[in-house]
Structures are given as C-alpha cells and as structure tokens.
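Some notes on the structure that comes next.
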Number of protein chains: 2
Amino acid sequence: MLREAGGNAIADAGIDKSRIQAAYIGNFNGAFFCNQNHFGAMVTEELGLQNTPSMRTEGACASGSLAFRVGYLSIASGMYDIVLVGGVEKMCHQTTEVITQGIASGMDYELEANFGLTFPANFALIASRYFYEYRNIKNEMAMCAVNAHRNGRLNPDAQMQKEITIESALNSAVISSPLNLYDCSLTTDGSAFVVLAATEIAKAQKKHRIVEIVGTGHAGNNLTLYSKPAITSFPAAKDAAAQAYRQANLTPSDIDFAEVHDCFTITQIINMEDLGFYAPGKAANAVAEGQIALEGRLPINTSGGLKAKGHPIGATGISQIFEIVTQIRGGSGARQVKRADIGLQHNIGGTAGTAVVNIFRGR
Amino acid sequence: MLREAGGNAIADAGIDKSRIQAAYIGNFNGAFFCNQNHFGAMVTEELGLQNTPSMRTEGACASGSLAFRVGYLSIASGMYDIVLVGGVEKMCHQTTEVITQGIASGMDYELEANFGLTFPANFALIASRYFYEYRNIKNEMAMCAVNAHRNGRLNPDAQMQKEITIESALNSAVISSPLNLYDCSLTTDGSAFVVLAATEIAKAQKKHRIVEIVGTGHAGNNLTLYSKPAITSFPAAKDAAAQAYRQANLTPSDIDFAEVHDCFTITQIINMEDLGFYAPGKAANAVAEGQIALEGRLPINTSGGLKAKGHPIGATGISQIFEIVTQIRGGSGARQVKRADIGLQHNIGGTAGTAVVNIFRGR
C-alpha cells in the first residue's frame with residue numbers, strides 16, 4: 001500500500017523522487033494490528049528514499065492530518081521545499097474484537113476503554129445527548145449514510161461500491177443504540193499520499209492546477225469523554241476551523257465543498273455545525289433538504305467519506321485531502337462538483353481530542 | 001509521569017501554562033505496552049492544557065527527538081512562540097518477552113522481527129562485524145558501561161544507581177554474543193519534557209542562562225538490517241550530524257560534551273565515530289584513554305546514558321536534551337563538566353533508520 005500510494009503521488013507530482021527532502025506519515029495503530037512501528041523509515045525504504053528524514057505522526061483518527069501539519073510547518077519554516085506526506089493503516093486481517101480494542105486506544109485506556117467504552121458506544125452516547133438537546137435525527141443520520149454511499153459509488157477508490165436507501169440504513173443492525181450499522185464508518189486497509197511544495201516551486205510546474213493551502217488549523221480538547229463539559233459540539237473542531245478561516249480570510253459561506261469527518265453519521269452532523277456551516281441543531285435540516293448532495297448547495301464527503309470511501313485511520317486525513325485536490329483540479333469524473341475552487345478538509349482524532357482543519361483553494 | 005515531568009518543565013520555565021501554544025510528545029509503543037495511543041491529547045488533558053493543539057511523534061527510539069524536531073520547526077515557521085515538547089514510555093509492568101516483542105516493532109516486522117530478530121541480536125550482529133572489520137573491543141565496550149554507571153551514580157534522576165567494574169561487565173550474563181548484560185541499555189519507565197521558545201522570548205527571561213539550538217539535523221536510512229550496504233557505520237547519524245554542524249558552523253572538535261545514543265555499548269562506539277569525534281575504528285582507543293569520562297577531553301553520557309540513566313524509549317531524546325541543558329546551565333552538581341558551553345545530543349531510532357542530532361550552545 002505504501003509503495004502504490006506513495007509511488008502514485010510522486011509520479012503525479014511529476015518530480016524526480018530525489019527532490020523529496022522529508023517524509024511524514026500518519027499511522028494510528030500498526031503496533032497493535034501489525035506489530036509494526038517506525039513507519040517513517042518503512043515508507044522511505046519502500047519508496048527508495050532511504051536517505052530521506054522521516055517520522056510518523058499519531059493523533060488517533062487524525063494521524064494523517066498531523067503528518068500533513070508537520071509537512072506544512074516544515075516548508076513554512078524554510079527547512080524544506082518539497083516533502084512527501086502520507087498515511088497508512090492495515091487492520092482488516094484482524095478480528096472485529098481485536099479491531100475494536102485497537103481502535104479504543106484512541107481514548108483514555110485506564111479511565112474509559114478499560115471499563116468497556118468503545119468508539120461506537122462513545123458516539124452513541126453523544127447521539128443520545130444530541131437527540132435530547134435538539135431532536136431525534138435518526139432519519140437525517142440515515143440520509144448522511146445514503147449520501148456517502150451514493151458518492152462512494154462514483155469514486156473508483158472507495159471501499160464501498162453500493163448505494164443504500166434510507167430504509168435499509170434505518171433497518172440495519174443496531175451496533176450501539178441509537179447507532180445502526182450504516183451509521184458507522186468502515187474497517188479499512190488503505191494508504192494515501194500527497195506531495196507538498198513551497199508556493200514558488202508549485203507555481204513553476206505546469207502539469208496541474210495549483211492547489212494552495214490558504215488556511216490551516218490544529219486544535220485540541222480533552223481526551224476523556226467524562227471530563228468534557230458538553231458533548232454535542234467539539235471545541236477542537238470549532239477552534240481549528242476558526243484558525244483556518246482566519247488565516248484564509250474566508251467564512252464558512254465561502255466554502256464550495258468539504259470533506260467532513262464522519263466516523264459516525266452523528267459526528268458528521270455535529271461537525272457540520274462546528275465548522276460553522278449550520279447553526280447548532282440545524283445541520284440535520286440541511287441534510288434533509290439535500291444541501292450536502294453533489295448537486296446541492298454545499299456538497300459534503302464527495303469521496304464517499306469515512307462511511308463509504310472508507311476509514312483507513314492513519315490515512316484518512318490524507319485521503320480527504322486527496323479528494324479535495326482532485327475536485328479542485330476538476331478530475332473527479334462522475335462525482336465532480338460544479339463549484340470546486342475552495343474546499344475544506346476536516347479530520348478529528350478520538351472524541352475530537354485532536355482536530356485539524358485545512359482550507360484549499362485552486363489558483 | 002506526564003504530570004510530574006511536564007509540570008516540572010513548565011514550572012522551571014517560569015511561565016504561565018496558558019502561554020503554551022502547542023504540545024508535541026514522543027512515544028514509541030504505548031499501543032502495545034499499555035493499550036494507549038493518542039498521547040498528545042493525554043498530555044494536554046493531564047497538564048490542564050485541554051485546548052492546546054498536540055500530537056504524538058514516533059520513530060522508534062528517536063520518538064522524543066522527533067517531537068523536539070516538530071517543536072523546533074513549528075517555532076521556526078512562525079506558527080508558535082512557545083511550545084511544550086516531551087516524551088514518555090511505560091513498559092516495566094510487562095514481561096521481558098512482551099517488552100522484547102514490543103521493542104522489535106521498531107524494525108521491519110514482516111521481513112525481520114517475525115523471523116526472530118531482536119534488537120540485542122541485531123546489534124550483536126553489528127558488533128561481530130565491527131570486531132571483524134577493526135578489532136575485538138569487548139574491553140572498551142565494558143568501559144563504556146563503567147563510564148555510564150559512574151555518571152548515573154551522580155545523577156539523582158538516573159534509574160541505575162550503582163557503579164560497576166570492567167570485570168563485572170565482562171562477566172555479566174551473555175544476552176546475544178558478543179553482547180553481555182552490561183552492554184545493553186535498560187528497560188525503563190520514564191518521561192521528560194522541555195519548553196521551547198522563540199529566541200526573543202527566551203532572551204526576555206532572566207531566570208536561566210539561555211540555551212540556544214544552534215544546529216539541528218534529522219536524517220534517515222534503511223529500516224531493514226539486511227538491506228544496509230554496511231553496518232559498522234550509520235549513514236543517518238553521519239548525515240544528521242553534518243546538517244547540525246553545518247547549521248551551527250561548528251566542527252566535532254568544538255563540542256564540549258555529548259549525549260550519544262547507547263542502546264548498546266557498540267552503538268555508542270559506532271556513533272562516536274559517525275559524529276566525527278573519532279575516526280572509524282578509533283573510538284575504542286579514546287574510551288580506553290578515558291577521554292569520555294567527566295574529567296576527560298570529551299565527556300560522553302554525563303547523564304548515565306541509556307545504559308544507566310535509562311532508556312524510556314519515547315522520552316529518551318528529551319531526557320538527553322534535559323541533560324545537555326542542565327549541564328550548560330551549570331546545574332549538574334557532582335557530575336558537572338568543566339567546559340559546558342556547547343553540547344551535542346544524538347538519538348537514533350531502530351538500526352539508525354532514523355537519526356536526530358541537535359547542538360546546543362549557552363549564551
């Protein structure tokens with residue numbers, strides 16, 4: 001996976017690989033799933049970049065976006081001009097029990113996971129509270145899944161290649177009430193890479209439309225669920241978004257389309273509000289009105305999202321960025337959105353103990 | 001450990017913790033040893049910095065130095081002015097078998113660890129080859145251990161508080177021939193933190209002598225042992241050192257003292273050569289002459305090193321930096337070296353698939 005995705009990114013950039021000065025790779029839990037750490041050196045060895053400095057970054061499901069963050073900082077610092085940034089996860093060879101345990105390492109083990117809290121249970125609690133504070137949005141959550149599957153069906157790189165209906169989503173197995181099977185993202189093996197370059201270097205290439213990082217944000221919040229003052233909004237997502245909007249000098253209404261972290265459908269709903277797209281408690285209405293569809297006012301998760309494109313945890317953030325870049329370049333084929341000049345990518349780790357938001361603009 | 005070491009670093013810096021803008025934390029294998037990932041958010045929650053962006057970095061035994069690297073880049077980029085950088089590892093609650101398996105995740109699992117290669121065996125192969133290419137340096141390797149234990153005895157933070165003799169080292173149990181017990185670093189639980197600040201901010205504080213990062217290097221090399229063209233020198237260590245010397249405009253002879261990665265005594269010997277302190281095959285002579293002692297020409301591992309101070313893997317790089325800073329400030333008590341203006345810190349991950357070198361200078 002590293003060779004294929006990393007090699008594809010370098011080939012797409014149209015540069016000789018000797019120009020890559022550093023490699024940053026997100027991986028969440030290779031240690032537990034594969035007895036493997038030290039992915040930085042694995043990436044460089046697999047890609048024939050042996051003498052390139054590398055590191056792995058980790059922040060649960062935001063691990064890939066953190067690799068991107070380091071790549072961005074390394075170029076902004078003047079240390080490097082061209083860096084390779086990627087992510088990888090492999091877990092499908094394990095049993096559901098092992099996968100569930102491994103993923104729960106993204107929460108506090110001693111205080112929460114050790115007592116049986118899993119991420120589906122965690123977000124089920126959040127959904128229940130959301131229903132209590134606002135209203136029952138089971139139907140609209142199902143619509144998020146339908147939208148994701150529809151888009152995934154149009155994305156050859158998506159793991160799930162079938163459309164679903166609201167009825168099948170609502171009637172799918174209960175995983176952790178009120179979350180059903182189709183409210184949950186996928187167990188996925190996958191890898192994604194992008195090449196970052198300083199603006200003047202990117203300008204010099206004529207192969208692709210230039211996609212500029214106009215705003216970037218990175219924020220944190222409590223690791224534990226029990227200690228959060230509120231759970232129907234993620235302060236880290238709001239904070240990261242505010243940073244990105246401020247740097248980009250843009251507002252939520254300027255965003256043409258977005259990849260929004262949807263580990264569960266309720267997560268997508270809450271994040272749509274935290275990103276400022278909709279007022280608290282109102283995102284579900286927009287979903288019901290079809291605003292997030294490919295032809296809607298604000299297409300969301302055109303890739304299929306974590307729900308249908310898949311959730312290869314350490315690679316997820318980079319796969320979102322890959323989708324944003326592909327759309328801005330106009331290369332998304334049947335799922336191409338009409339207005340694709342400004343795209344936002346949003347990725348959280350754990351119960352949004354970590355959040356990263358990046359805004360990209362085509363030049 | 002996070003609360004104690006992180007809290008101590010913030011208190012020592014004499015700043016209000018609200019001024020910390022980001023936290024970067026090295027951890028190698030909490031996933032395997034403790035079912036725990038997502039240490040960035042754990043650090044910030046434990047230290048009451050909940051809304052601070054954070055991430056974990058990993059590159060096997062160099063994980064802590066990679067956190068430092070990201071902290072350095074983040075300030076150099078202009079993104080932040082003050083960041084908290086640390087590392088942590090906890091493994092002593094596990095059996096030796098589990099610890100050995102967990103540590104082996106720093107090599108390539110599928111190609112090497114899965115077939116029984118462990119890090120002691122790995123470095124035993126390297127030692128054997130070194131003996132073949134140069135000469136048998138068992139005695140001098142034992143002297144490295146004696147030096148480390150002597151220094152550790154003078155460091156209240158060191159795990160191992162006893163002096164040893166060359167004879168006891170040579171007669172200790174064979175771990176993987178030609179490495180005996182005292183050629184191997186320790187299984188350690190530990191944490192270390194430092195606060196980094198932009199130069200103008202550091203200058204404004206009057207509490208401590210300012211310790212400036214004058215040179216920094218980060219380099220890579222093959223993850224696998226089998227694919228390395230040579231194993232008696234580590235190209236990544238040489239490359240990282242060259243970067244740091246170039247940036248600092250210094251040469252090896254300008255270094256007053258150094259913390260050199262000594263996961264095994266042979267590793268220290270090879271690294272002393274790769275850092276340019278001694279010609280290939282000649283470091284052992286310098287050890288025999290006492291040059292690395294506290295009162296010698298080039299004191300090495302004044303902290304006790306990984307051998308006696310301990311090797312809390314994810315924290316190791318930061319604990320080396322802590323020692324360098326403490327020496328430059330003149331705060332090392334009985335182990336204080338006379339000339340302590342310029343100190344070098346060197347940390348490798350795996351079989352030097354990752355290497356980091358930093359040079360610090362007191363102003």
Side-chain angles (χ1 to χ4, degrees), chain A residues 22-23 27-32 34-42 44-45 49-60 62 66 69-70 72-79 101-102 104-110 113-114 218-224 227 235-236 239-240 349-350 353-354, chain B residues 22-23 27-32 34-42 44-45 49-60 62 66 69-70 72-79 101-102 104-110 113-114 218-224 227 235-236 239-240 349-350 353-354:
Chain A
N27 172 263
F28 169 50
N29 210 355
F32 187 79
C34 308
N35 292 303
Q36 188 65 61
N37 279 301
H38 208 177
F39 281 92
M42 177 175 277
T44 52
E45 177 167 335
L49 298 165
Q50 277 89 338
N51 297 316
T52 307
S54 66
M55 77 172 77
R56 168 187 168 212
T57 58
E58 189 267 323
L66 295 175
R69 177 80 175 176
V70 177
Y72 175 85
L73 292 172
S74 75
I75 291 176
S77 73
M79 184 68 76
Q101 186 189 344
S105 69
M107 53 178 71
D108 190 302
Y109 178 74
E110 285 201 355
N114 191 30
H218 175 202
N221 192 240
N222 307 44
L223 177 63
T224 52
S227 69
D239 185 2
T354 299
Chain B
N27 172 263
F28 170 49
N29 210 356
F32 188 79
C34 308
N35 292 304
Q36 189 65 61
N37 279 301
H38 208 178
F39 281 92
M42 177 176 276
T44 51
E45 177 167 336
L49 298 165
Q50 277 90 336
N51 296 315
T52 308
S54 66
M55 78 172 75
R56 168 187 167 212
T57 58
E58 190 268 322
L66 295 176
R69 178 81 174 173
V70 178
Y72 175 85
L73 291 172
S74 75
I75 291 176
S77 73
M79 184 68 76
Q101 186 189 344
S105 68
M107 54 178 71
D108 190 302
Y109 177 75
E110 285 201 357
N114 191 30
H218 174 203
N221 193 240
N222 308 43
L223 177 64
T224 53
S227 68
D239 184 3
T354 299

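Quick note on labels: first sequence line is chain A, next is B, and so on, each numbered from 1. Treat the numbers as computed from the prediction; the structure is a model and nothing was measured.
- For A:Q50, the parts lying near chain B are the backbone and the side chain together; criterion is any non-hydrogen pair under 4.5 Å.
- Contact count against chain B (heavy-atom pairs under 4.5 Å) is highest for A:N221 among A:N221, A:T57, A:N114, A:D239.
- In this view, B:S105 and A:N37, B:F28, B:N29 satisfy the side-chain contact (heavy atoms from CB on, under 4.5 Å) rule, not counting sequence neighbours.
- In this structure a side-chain-to-backbone donor-acceptor pair under 3.5 Å is present from A:R56 to A:N27.
- Between the side chain of B:E58 and the backbone N or O of B:A60, at least one donor-acceptor pair lies under 3.5 Å.
- Remark: the backbone N or O of B:G106 is not paired with any side-chain donor or acceptor of A:Q36 at under 3.5 angstrom.
- Both the backbone and the side chain of B:N222 come within less than 4.5 Å of a heavy atom in chain A.
- Interface remark: B:S74 contributes backbone and side-chain atoms alike to the contact with chain A (heavy atom separation under 4.5 Å).
- For chain A, the nearby part of B:M79 is the side chain; its heavy atoms alone come within less than 4.5 Å.
- The structure places OG1 of A:T52 at 12.0 Å from CD of A:E45, a figure rounded to the nearest 0.5 Å.
- When heavy atoms are compared at a cutoff of 4.5 Å, A:A236 does not approach chain B at all.
- Only the side chain of B:S227 comes within contact range of chain A, with at least one heavy atom under 4.5 Å from a heavy atom of that chain.
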